[in-house]
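Lettering follows sequence order; numbering is per chain, from 1. Just so you know, these numbers use all the heavy atoms, side chains as well, and skip hydrogens, waters and symmetry mates.
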Number of protein chains: 2
Amino acid sequence: MPVAKGATLDPAQTRASILRAATGLLYQRGLDGIGVAELCATMGVSKETLYRHFGSKEGLVRAVLEARSQRIMAWVLKAVTAAGDEPYAQLAAVFDALAQWHEEPTFRGCGILNAATQQHEGPARLVAHHHLDRQLDVLTDIARRAGVSNATHLAKQFLALRVGATVLADHHADTEAALLAKQAALALLRSAITTPAPAPRP
Amino acid sequence: MPVAKGATLDPAQTRASILRAATGLLYQRGLDGIGVAELCATMGVSKETLYRHFGSKEGLVRAVLEARSQRIMAWVLKAVTAAGDEPYAQLAAVFDALAQWHEEPTFRGCGILNAATQQHEGPARLVAHHHLDRQLDVLTDIARRAGVSNATHLAKQFLALRVGATVLADHHADTEAALLAKQAALALLRSAITTPAPAPRP
DNA sequence: CGAACATCGAACCGAGCGGTTCCATCTGAG
DNA sequence: CTCAGATGGAACCGCTCGGTTCGATGTTCG
(Lines give C-alpha, C1' and ligand atoms only; values in the text may rest on other atoms or scores of the structure.)
Protein backbone atom coordinates (compact mmCIF):
# COMPACT_ATOMS: atom_id res chain seq x y z
CA MET A 1 0.00 0.00 0.00
CA PRO A 2 2.89 2.44 0.29
CA VAL A 3 3.03 2.55 -3.52
CA ALA A 4 6.15 4.61 -4.11
CA LYS A 5 5.73 6.65 -7.25
CA GLY A 6 5.58 4.54 -10.35
CA ALA A 7 5.18 1.13 -8.79
CA THR A 8 3.71 -1.63 -10.91
CA LEU A 9 3.20 -3.66 -7.76
CA ASP A 10 0.15 -5.31 -9.25
CA PRO A 11 -2.93 -3.48 -10.43
CA ALA A 12 -5.22 -5.95 -8.70
CA GLN A 13 -3.46 -5.27 -5.43
CA THR A 14 -3.84 -1.51 -5.89
CA ARG A 15 -7.50 -2.00 -6.63
CA ALA A 16 -8.01 -4.10 -3.52
CA SER A 17 -6.19 -1.54 -1.43
CA ILE A 18 -8.37 1.29 -2.71
CA LEU A 19 -11.46 -0.79 -2.09
CA ARG A 20 -10.45 -1.51 1.47
CA ALA A 21 -9.66 2.10 2.33
CA ALA A 22 -12.68 3.54 0.55
CA THR A 23 -15.01 1.14 2.35
CA GLY A 24 -14.19 2.64 5.72
CA LEU A 25 -14.17 6.24 4.57
CA LEU A 26 -17.47 6.06 2.72
CA TYR A 27 -19.06 4.23 5.63
CA GLN A 28 -17.96 6.77 8.24
CA ARG A 29 -18.61 9.92 6.24
CA GLY A 30 -21.49 8.84 4.04
CA LEU A 31 -21.50 8.52 0.26
CA ASP A 32 -21.91 12.25 -0.31
CA GLY A 33 -20.01 13.23 2.81
CA ILE A 34 -16.61 12.84 1.24
CA GLY A 35 -15.49 13.90 -2.23
CA VAL A 36 -13.28 12.08 -4.65
CA ALA A 37 -10.41 14.50 -4.02
CA GLU A 38 -10.35 14.00 -0.25
CA LEU A 39 -10.94 10.30 -0.71
CA CYS A 40 -7.86 10.04 -2.90
CA ALA A 41 -5.76 12.24 -0.66
CA THR A 42 -6.61 10.21 2.44
CA MET A 43 -5.97 6.92 0.68
CA GLY A 44 -2.70 8.17 -0.81
CA VAL A 45 -3.82 7.49 -4.34
CA SER A 46 -4.15 9.78 -7.34
CA LYS A 47 -7.49 10.50 -8.95
CA GLU A 48 -6.21 9.10 -12.22
CA THR A 49 -5.52 5.75 -10.59
CA LEU A 50 -8.92 5.66 -8.95
CA TYR A 51 -10.69 6.47 -12.20
CA ARG A 52 -8.67 3.91 -14.16
CA HIS A 53 -9.76 1.20 -11.73
CA PHE A 54 -13.37 2.15 -11.09
CA GLY A 55 -14.43 4.47 -13.86
CA SER A 56 -16.45 6.80 -11.68
CA LYS A 57 -17.33 7.47 -8.08
CA GLU A 58 -20.49 5.49 -8.60
CA GLY A 59 -18.43 2.56 -9.88
CA LEU A 60 -16.31 2.73 -6.76
CA VAL A 61 -19.40 2.84 -4.58
CA ARG A 62 -20.90 -0.16 -6.33
CA ALA A 63 -17.70 -2.16 -5.90
CA VAL A 64 -17.46 -1.16 -2.25
CA LEU A 65 -21.06 -2.15 -1.52
CA GLU A 66 -20.83 -5.46 -3.31
CA ALA A 67 -17.64 -6.35 -1.49
CA ARG A 68 -19.24 -5.35 1.78
CA SER A 69 -22.28 -7.51 1.12
CA GLN A 70 -20.03 -10.48 0.40
CA ARG A 71 -18.07 -9.90 3.59
CA ILE A 72 -21.17 -9.60 5.74
CA MET A 73 -22.68 -12.78 4.34
CA ALA A 74 -19.48 -14.71 4.94
CA TRP A 75 -19.37 -13.37 8.47
CA VAL A 76 -22.98 -14.34 9.21
CA LEU A 77 -22.58 -17.80 7.71
CA LYS A 78 -19.44 -18.34 9.72
CA ALA A 79 -21.27 -17.45 12.93
CA VAL A 80 -24.13 -19.78 12.00
CA THR A 81 -21.98 -22.78 11.19
CA ALA A 82 -19.87 -22.21 14.29
CA ALA A 83 -23.03 -22.55 16.36
CA GLY A 84 -23.54 -26.20 15.48
CA ASP A 85 -26.64 -27.87 14.05
CA GLU A 86 -29.30 -26.66 16.47
CA PRO A 87 -31.58 -24.06 14.82
CA TYR A 88 -32.09 -22.32 18.16
CA ALA A 89 -28.36 -21.99 18.68
CA GLN A 90 -27.89 -20.79 15.12
CA LEU A 91 -30.57 -18.15 15.48
CA ALA A 92 -29.03 -17.00 18.74
CA ALA A 93 -25.64 -16.85 17.05
CA VAL A 94 -26.95 -14.54 14.32
CA PHE A 95 -28.11 -12.03 16.89
CA ASP A 96 -25.05 -12.43 19.08
CA ALA A 97 -22.93 -11.53 16.10
CA LEU A 98 -25.19 -8.54 15.61
CA ALA A 99 -24.64 -7.41 19.20
CA GLN A 100 -20.91 -7.78 18.79
CA TRP A 101 -21.01 -5.62 15.67
CA HIS A 102 -23.09 -2.93 17.34
CA GLU A 103 -20.50 -2.60 20.07
CA GLU A 104 -17.72 -1.67 17.71
CA PRO A 105 -16.83 1.98 18.27
CA THR A 106 -16.96 2.70 14.55
CA PHE A 107 -20.48 1.29 14.20
CA ARG A 108 -22.71 3.60 12.22
CA GLY A 109 -25.57 1.37 11.10
CA CYS A 110 -25.63 -0.98 8.15
CA GLY A 111 -23.40 0.50 5.47
CA ILE A 112 -25.43 -1.02 2.68
CA LEU A 113 -28.81 0.18 3.88
CA ASN A 114 -27.33 3.56 4.72
CA ALA A 115 -26.00 3.82 1.19
CA ALA A 116 -29.36 2.88 -0.27
CA THR A 117 -30.99 5.57 1.84
CA GLN A 118 -28.46 8.23 0.91
CA GLN A 119 -28.31 7.54 -2.79
CA HIS A 120 -31.89 6.77 -3.62
CA GLU A 121 -31.12 6.52 -7.29
CA GLY A 122 -28.25 4.39 -8.40
CA PRO A 123 -26.92 0.94 -7.71
CA ALA A 124 -27.09 1.07 -3.94
CA ARG A 125 -30.76 0.20 -3.81
CA LEU A 126 -30.24 -2.87 -5.96
CA VAL A 127 -27.36 -4.04 -3.82
CA ALA A 128 -29.44 -3.48 -0.70
CA HIS A 129 -32.36 -5.46 -2.08
CA HIS A 130 -30.13 -8.36 -3.03
CA HIS A 131 -28.35 -8.19 0.30
CA LEU A 132 -31.65 -8.44 2.18
CA ASP A 133 -32.60 -11.35 -0.04
CA ARG A 134 -29.54 -13.27 0.96
CA GLN A 135 -29.92 -12.51 4.63
CA LEU A 136 -33.51 -13.68 4.42
CA ASP A 137 -32.34 -16.93 2.85
CA VAL A 138 -30.12 -17.68 5.82
CA LEU A 139 -32.91 -17.00 8.30
CA THR A 140 -35.43 -18.96 6.26
CA ASP A 141 -33.13 -21.94 6.24
CA ILE A 142 -32.81 -21.82 10.01
CA ALA A 143 -36.56 -21.54 10.48
CA ARG A 144 -37.22 -24.35 8.03
CA ARG A 145 -34.80 -26.71 9.72
CA ALA A 146 -36.46 -25.89 13.03
CA GLY A 147 -39.52 -27.59 11.61
CA VAL A 148 -41.96 -24.71 11.54
CA SER A 149 -44.58 -24.65 8.84
CA ASN A 150 -44.48 -20.95 8.04
CA ALA A 151 -40.71 -20.60 7.74
CA THR A 152 -40.86 -17.76 5.24
CA HIS A 153 -43.06 -15.61 7.43
CA LEU A 154 -41.04 -16.32 10.51
CA ALA A 155 -37.81 -15.50 8.72
CA LYS A 156 -39.18 -12.15 7.65
CA GLN A 157 -40.01 -11.42 11.26
CA PHE A 158 -36.46 -12.34 12.25
CA LEU A 159 -35.13 -10.06 9.54
CA ALA A 160 -37.32 -7.18 10.70
CA LEU A 161 -35.96 -7.65 14.21
CA ARG A 162 -32.45 -7.74 12.86
CA VAL A 163 -32.58 -4.56 10.82
CA GLY A 164 -34.74 -2.84 13.40
CA ALA A 165 -32.22 -3.56 16.12
CA THR A 166 -29.44 -2.22 13.91
CA VAL A 167 -31.34 1.01 13.28
CA LEU A 168 -32.05 1.44 16.99
CA ALA A 169 -28.45 0.74 17.91
CA ASP A 170 -27.43 3.48 15.50
CA HIS A 171 -30.08 6.18 15.80
CA HIS A 172 -31.21 5.52 19.35
CA ALA A 173 -27.87 4.58 20.88
CA ASP A 174 -29.61 1.47 22.10
CA THR A 175 -26.87 -0.86 23.27
CA GLU A 176 -29.20 -3.68 24.22
CA ALA A 177 -31.26 -3.65 21.04
CA ALA A 178 -29.54 -6.71 19.59
CA LEU A 179 -29.94 -8.68 22.82
CA LEU A 180 -33.63 -7.87 23.03
CA ALA A 181 -34.07 -8.71 19.37
CA LYS A 182 -32.43 -12.06 20.01
CA GLN A 183 -34.77 -12.85 22.87
CA ALA A 184 -37.73 -11.81 20.75
CA ALA A 185 -36.59 -13.99 17.86
CA LEU A 186 -36.12 -17.01 20.11
CA ALA A 187 -39.53 -16.44 21.67
CA LEU A 188 -41.13 -16.25 18.25
CA LEU A 189 -39.44 -19.46 17.15
CA ARG A 190 -40.53 -21.21 20.32
CA SER A 191 -44.06 -19.96 19.87
CA ALA A 192 -44.13 -21.01 16.22
CA ILE A 193 -43.12 -24.55 17.11
CA THR A 194 -45.61 -25.06 19.93
CA THR A 195 -48.37 -23.42 17.91
CA PRO A 196 -48.65 -25.52 14.74
CA ALA A 197 -49.68 -23.20 11.95
CA PRO A 198 -51.59 -20.04 12.82
CA ALA A 199 -53.76 -19.09 9.91
CA PRO A 200 -52.88 -15.56 8.82
CA ARG A 201 -55.56 -13.31 10.19
CA PRO A 202 -55.34 -9.69 9.16
CA MET B 1 -50.04 29.33 -2.12
CA PRO B 2 -50.80 31.39 -5.25
CA VAL B 3 -49.10 34.38 -3.61
CA ALA B 4 -49.28 36.94 -6.37
CA LYS B 5 -46.29 39.20 -6.30
CA GLY B 6 -46.11 41.36 -3.22
CA ALA B 7 -48.77 39.71 -1.16
CA THR B 8 -48.72 40.28 2.56
CA LEU B 9 -51.13 37.40 2.96
CA ASP B 10 -49.63 36.60 6.32
CA PRO B 11 -46.00 35.67 6.93
CA ALA B 12 -47.00 32.75 9.14
CA GLN B 13 -49.13 31.39 6.35
CA THR B 14 -46.26 31.70 3.89
CA ARG B 15 -44.01 29.89 6.31
CA ALA B 16 -46.50 27.08 6.75
CA SER B 17 -46.92 26.78 3.01
CA ILE B 18 -43.17 26.51 2.46
CA LEU B 19 -42.93 23.95 5.23
CA ARG B 20 -45.67 21.84 3.71
CA ALA B 21 -44.21 21.85 0.21
CA ALA B 22 -40.62 21.35 1.34
CA THR B 23 -41.59 18.35 3.47
CA GLY B 24 -42.69 16.39 0.44
CA LEU B 25 -39.85 17.44 -1.81
CA LEU B 26 -37.10 16.74 0.71
CA TYR B 27 -38.68 13.40 1.56
CA GLN B 28 -38.93 12.24 -2.04
CA ARG B 29 -35.57 13.50 -3.26
CA GLY B 30 -33.49 13.28 -0.10
CA LEU B 31 -31.94 16.15 1.82
CA ASP B 32 -29.00 16.51 -0.57
CA GLY B 33 -30.96 15.38 -3.59
CA ILE B 34 -32.55 18.76 -4.21
CA GLY B 35 -30.93 22.18 -4.01
CA VAL B 36 -32.35 25.37 -2.60
CA ALA B 37 -32.81 26.84 -6.06
CA GLU B 38 -34.90 23.96 -7.38
CA LEU B 39 -36.74 23.77 -4.08
CA CYS B 40 -37.77 27.41 -4.38
CA ALA B 41 -38.64 27.14 -8.05
CA THR B 42 -40.88 24.13 -7.46
CA MET B 43 -42.58 25.73 -4.49
CA GLY B 44 -43.06 29.02 -6.31
CA VAL B 45 -41.21 30.98 -3.68
CA SER B 46 -38.17 33.20 -3.91
CA LYS B 47 -34.91 32.32 -2.20
CA GLU B 48 -35.05 35.55 -0.26
CA THR B 49 -38.37 34.59 1.25
CA LEU B 50 -37.13 31.15 2.17
CA TYR B 51 -34.01 32.51 3.83
CA ARG B 52 -35.96 35.17 5.70
CA HIS B 53 -38.18 32.50 7.20
CA PHE B 54 -35.69 29.74 7.88
CA GLY B 55 -32.23 31.31 7.85
CA SER B 56 -30.53 28.44 6.05
CA LYS B 57 -31.25 25.16 4.35
CA GLU B 58 -30.36 23.42 7.57
CA GLY B 59 -32.89 25.57 9.41
CA LEU B 60 -35.54 24.56 6.91
CA VAL B 61 -34.60 20.92 7.31
CA ARG B 62 -34.81 21.14 11.08
CA ALA B 63 -38.24 22.78 10.92
CA VAL B 64 -39.45 20.19 8.41
CA LEU B 65 -38.26 17.28 10.54
CA GLU B 66 -39.70 18.62 13.76
CA ALA B 67 -43.05 19.26 12.13
CA ARG B 68 -42.97 15.77 10.65
CA SER B 69 -42.22 14.21 14.02
CA GLN B 70 -45.16 16.06 15.55
CA ARG B 71 -47.46 14.94 12.76
CA ILE B 72 -46.41 11.30 13.04
CA MET B 73 -46.89 11.24 16.77
CA ALA B 74 -50.34 12.76 16.49
CA TRP B 75 -51.21 10.20 13.84
CA VAL B 76 -50.01 7.26 15.96
CA LEU B 77 -51.78 8.49 19.07
CA LYS B 78 -54.96 8.97 17.10
CA ALA B 79 -54.79 5.37 15.87
CA VAL B 80 -54.14 4.14 19.39
CA THR B 81 -56.99 6.00 21.03
CA ALA B 82 -59.34 5.03 18.23
CA ALA B 83 -58.63 1.40 19.06
CA GLY B 84 -60.26 1.55 22.46
CA ASP B 85 -58.81 0.54 25.81
CA GLU B 86 -57.58 -2.95 25.07
CA PRO B 87 -53.74 -3.04 24.91
CA TYR B 88 -53.89 -5.83 22.33
CA ALA B 89 -56.14 -3.80 20.10
CA GLN B 90 -54.00 -0.73 20.55
CA LEU B 91 -50.84 -2.61 19.65
CA ALA B 92 -52.55 -4.02 16.59
CA ALA B 93 -53.70 -0.55 15.63
CA VAL B 94 -50.15 0.79 15.71
CA PHE B 95 -49.03 -1.81 13.19
CA ASP B 96 -52.17 -1.51 11.11
CA ALA B 97 -51.46 2.18 10.74
CA LEU B 98 -47.94 1.23 9.74
CA ALA B 99 -49.21 -1.08 7.01
CA GLN B 100 -51.51 1.62 5.72
CA TRP B 101 -48.58 4.05 5.51
CA HIS B 102 -46.38 1.54 3.70
CA GLU B 103 -49.00 1.14 1.01
CA GLU B 104 -48.98 4.80 0.05
CA PRO B 105 -47.43 5.11 -3.41
CA THR B 106 -45.11 7.88 -2.24
CA PHE B 107 -43.75 5.82 0.65
CA ARG B 108 -39.97 6.00 0.83
CA GLY B 109 -39.18 4.89 4.36
CA CYS B 110 -39.28 7.00 7.50
CA GLY B 111 -38.39 10.55 6.52
CA ILE B 112 -36.86 11.31 9.87
CA LEU B 113 -34.62 8.26 10.03
CA ASN B 114 -33.73 8.75 6.38
CA ALA B 115 -32.68 12.30 7.13
CA ALA B 116 -30.60 11.20 10.07
CA THR B 117 -28.87 8.66 7.85
CA GLN B 118 -28.24 11.12 5.05
CA GLN B 119 -27.03 14.01 7.16
CA HIS B 120 -25.02 12.28 9.80
CA GLU B 121 -23.90 15.58 11.24
CA GLY B 122 -26.47 18.19 12.04
CA PRO B 123 -29.83 18.36 13.73
CA ALA B 124 -31.41 15.37 12.02
CA ARG B 125 -29.83 12.88 14.37
CA LEU B 126 -31.12 14.70 17.41
CA VAL B 127 -34.61 14.86 15.98
CA ALA B 128 -34.46 11.17 15.14
CA HIS B 129 -33.34 10.24 18.65
CA HIS B 130 -36.11 12.26 20.22
CA HIS B 131 -38.63 10.88 17.76
CA LEU B 132 -37.71 7.31 18.68
CA ASP B 133 -37.95 8.24 22.34
CA ARG B 134 -41.51 9.37 21.91
CA GLN B 135 -42.52 6.36 19.87
CA LEU B 136 -41.02 4.15 22.54
CA ASP B 137 -43.09 5.94 25.18
CA VAL B 138 -46.28 5.06 23.38
CA LEU B 139 -45.33 1.41 23.06
CA THR B 140 -44.12 1.23 26.65
CA ASP B 141 -47.41 2.58 27.85
CA ILE B 142 -49.30 -0.06 25.93
CA ALA B 143 -47.08 -2.83 27.26
CA ARG B 144 -47.36 -1.55 30.82
CA ARG B 145 -51.12 -1.38 30.71
CA ALA B 146 -51.15 -4.93 29.38
CA GLY B 147 -49.74 -5.88 32.75
CA VAL B 148 -46.38 -7.28 31.75
CA SER B 149 -43.49 -6.90 34.14
CA ASN B 150 -40.79 -6.05 31.60
CA ALA B 151 -42.71 -3.39 29.72
CA THR B 152 -39.59 -1.44 28.75
CA HIS B 153 -37.91 -4.43 27.17
CA LEU B 154 -41.04 -5.50 25.39
CA ALA B 155 -41.62 -2.00 24.04
CA LYS B 156 -38.12 -1.91 22.61
CA GLN B 157 -38.85 -5.16 20.84
CA PHE B 158 -42.03 -3.67 19.43
CA LEU B 159 -40.10 -0.63 18.28
CA ALA B 160 -37.47 -2.80 16.60
CA LEU B 161 -40.26 -4.62 14.74
CA ARG B 162 -41.77 -1.31 13.77
CA VAL B 163 -38.67 0.29 12.33
CA GLY B 164 -37.48 -2.99 10.88
CA ALA B 165 -40.74 -3.46 9.03
CA THR B 166 -40.51 0.08 7.69
CA VAL B 167 -36.99 -0.51 6.40
CA LEU B 168 -38.03 -3.78 4.75
CA ALA B 169 -41.08 -2.17 3.18
CA ASP B 170 -38.78 0.44 1.68
CA HIS B 171 -35.60 -1.38 0.74
CA HIS B 172 -37.01 -4.84 0.19
CA ALA B 173 -40.35 -3.88 -1.36
CA ASP B 174 -41.88 -6.09 1.30
CA THR B 175 -45.57 -5.33 1.25
CA GLU B 176 -46.44 -7.70 4.08
CA ALA B 177 -43.69 -6.58 6.44
CA ALA B 178 -46.03 -4.53 8.62
CA LEU B 179 -48.57 -7.33 8.86
CA LEU B 180 -45.92 -9.84 9.89
CA ALA B 181 -44.48 -7.37 12.37
CA LYS B 182 -47.94 -6.95 13.85
CA GLN B 183 -48.38 -10.69 14.27
CA ALA B 184 -44.93 -10.94 15.83
CA ALA B 185 -45.66 -8.10 18.25
CA LEU B 186 -48.94 -9.67 19.31
CA ALA B 187 -47.26 -13.03 19.79
CA LEU B 188 -44.57 -11.44 21.92
CA LEU B 189 -47.14 -9.67 24.07
CA ARG B 190 -49.10 -12.89 24.48
CA SER B 191 -45.96 -14.77 25.39
CA ALA B 192 -44.88 -12.08 27.85
CA ILE B 193 -48.17 -12.29 29.67
CA THR B 194 -48.32 -16.08 29.96
CA THR B 195 -44.66 -16.27 30.90
CA PRO B 196 -44.38 -14.12 34.05
CA ALA B 197 -40.96 -12.49 33.96
CA PRO B 198 -38.15 -14.22 32.09
CA ALA B 199 -34.91 -13.36 33.79
CA PRO B 200 -32.61 -11.74 31.24
CA ARG B 201 -30.13 -14.36 30.23
CA PRO B 202 -27.36 -13.12 27.96
C1' DC C 1 19.25 -0.68 -22.59
C1' DG C 2 14.62 0.48 -23.99
C1' DA C 3 9.60 0.04 -24.53
C1' DA C 4 5.40 -0.52 -21.95
C1' DC C 5 3.07 0.27 -18.05
C1' DA C 6 1.39 2.10 -13.51
C1' DT C 7 1.50 5.70 -10.71
C1' DC C 8 1.60 10.58 -8.49
C1' DG C 9 0.79 15.38 -8.37
C1' DA C 10 -1.19 19.23 -10.08
C1' DA C 11 -3.60 21.97 -13.06
C1' DC C 12 -7.79 22.45 -15.18
C1' DC C 13 -12.97 22.26 -16.54
C1' DG C 14 -17.96 23.04 -16.35
C1' DA C 15 -21.63 22.56 -13.37
C1' DG C 16 -24.09 22.99 -9.35
C1' DC C 17 -24.18 24.21 -4.68
C1' DG C 18 -25.71 27.39 -0.49
C1' DG C 19 -26.20 31.95 0.33
C1' DT C 20 -26.54 37.29 -0.55
C1' DT C 21 -28.14 41.36 -2.63
C1' DC C 22 -30.89 44.58 -5.31
C1' DC C 23 -35.02 46.10 -7.18
C1' DA C 24 -39.70 46.33 -9.00
C1' DT C 25 -44.06 45.00 -7.47
C1' DC C 26 -48.06 44.43 -4.84
C1' DT C 27 -50.80 44.54 -0.36
C1' DG C 28 -52.79 46.22 3.73
C1' DA C 29 -52.78 49.54 7.54
C1' DG C 30 -52.66 54.44 8.84
C1' DC D 1 -53.23 58.57 -0.59
C1' DT D 2 -49.06 57.09 1.42
C1' DC D 3 -45.87 54.30 3.34
C1' DA D 4 -44.00 50.03 5.57
C1' DG D 5 -43.57 45.44 4.76
C1' DA D 6 -43.65 41.04 2.33
C1' DT D 7 -42.69 39.11 -1.92
C1' DG D 8 -40.80 37.31 -6.73
C1' DG D 9 -37.20 37.43 -10.01
C1' DA D 10 -32.78 37.62 -11.32
C1' DA D 11 -28.08 38.46 -11.04
C1' DC D 12 -24.23 37.49 -8.47
C1' DC D 13 -20.46 35.30 -5.25
C1' DG D 14 -17.15 31.93 -3.67
C1' DC D 15 -16.71 27.33 -3.20
C1' DT D 16 -16.74 22.43 -3.96
C1' DC D 17 -17.93 18.80 -6.71
C1' DG D 18 -17.00 14.79 -10.17
C1' DG D 19 -14.19 14.14 -13.84
C1' DT D 20 -10.20 14.90 -17.41
C1' DT D 21 -5.63 15.67 -18.93
C1' DC D 22 -0.62 16.08 -18.86
C1' DG D 23 4.01 15.51 -17.63
C1' DA D 24 7.40 13.55 -14.52
C1' DT D 25 8.82 9.44 -12.03
C1' DG D 26 9.54 4.89 -11.22
C1' DT D 27 9.08 -0.44 -12.08
C1' DT D 28 8.94 -4.53 -14.85
C1' DC D 29 9.92 -7.22 -18.67
C1' DG D 30 12.02 -8.37 -23.13
Examine distances only and state if a side-chain atom of Ser69(A) and a backbone atom of Leu65(A) form a donor-acceptor pair shorter than 3.5 Å. no
Quick one: does any side-chain atom of Asp32(A) pair with a main-chain N or O of Gln118(A) as donor and acceptor, under 3.5 Å? no
Residues 110-133 of chain A vs ring pair (Phe, Tyr, Trp, His ring centres under 6.0 Å), sequence neighbours excluded, gives His129(A)-His172(B)
Mind running a 4.0 Å heavy-atom check of residues 45-55 of chain B against DNA chain C and sending the residues that fall below it, in number order? Lys47(B), Glu48(B), Tyr51(B)
Please give, in whole Å, the distance from [N] [atom2] to [X] [atom1]?
X	N	atom1	atom2	value
Glu58(B)	dC17(C)	CD	P	18 Å
Leu39(B)	dG16(C)	CG	P	17 Å
Met43(B)	dT7(D)	CE	P	12 Å
Ile34(A)	dT16(D)	CD1	P	14 Å
Arg29(B)	dC17(C)	CZ	P	9 Å
Arg15(A)	dC5(C)	CZ	C1'	18 Å
Leu31(A)	dG18(D)	CG	P	11 Å
Glu38(B)	dG18(C)	CD	P	10 Å

Lys/Arg-Asp/Glu bridge criterion (N-O < 4.0 Å) met for Asp137(B), Arg144(B): no
Looking at Thr14(A), does any N or O in its side chain come under 4.0 Å of the phosphate oxygens OP1/OP2 on dA6(C)? no
Asp85(B) atom CG, over 12 foreign heavy atoms within 6.0 Å: no
Residue list, side chain to side chain donor-acceptor pair (under 3.5 Å) with Gln28(B), at least two apart or on another chain: none
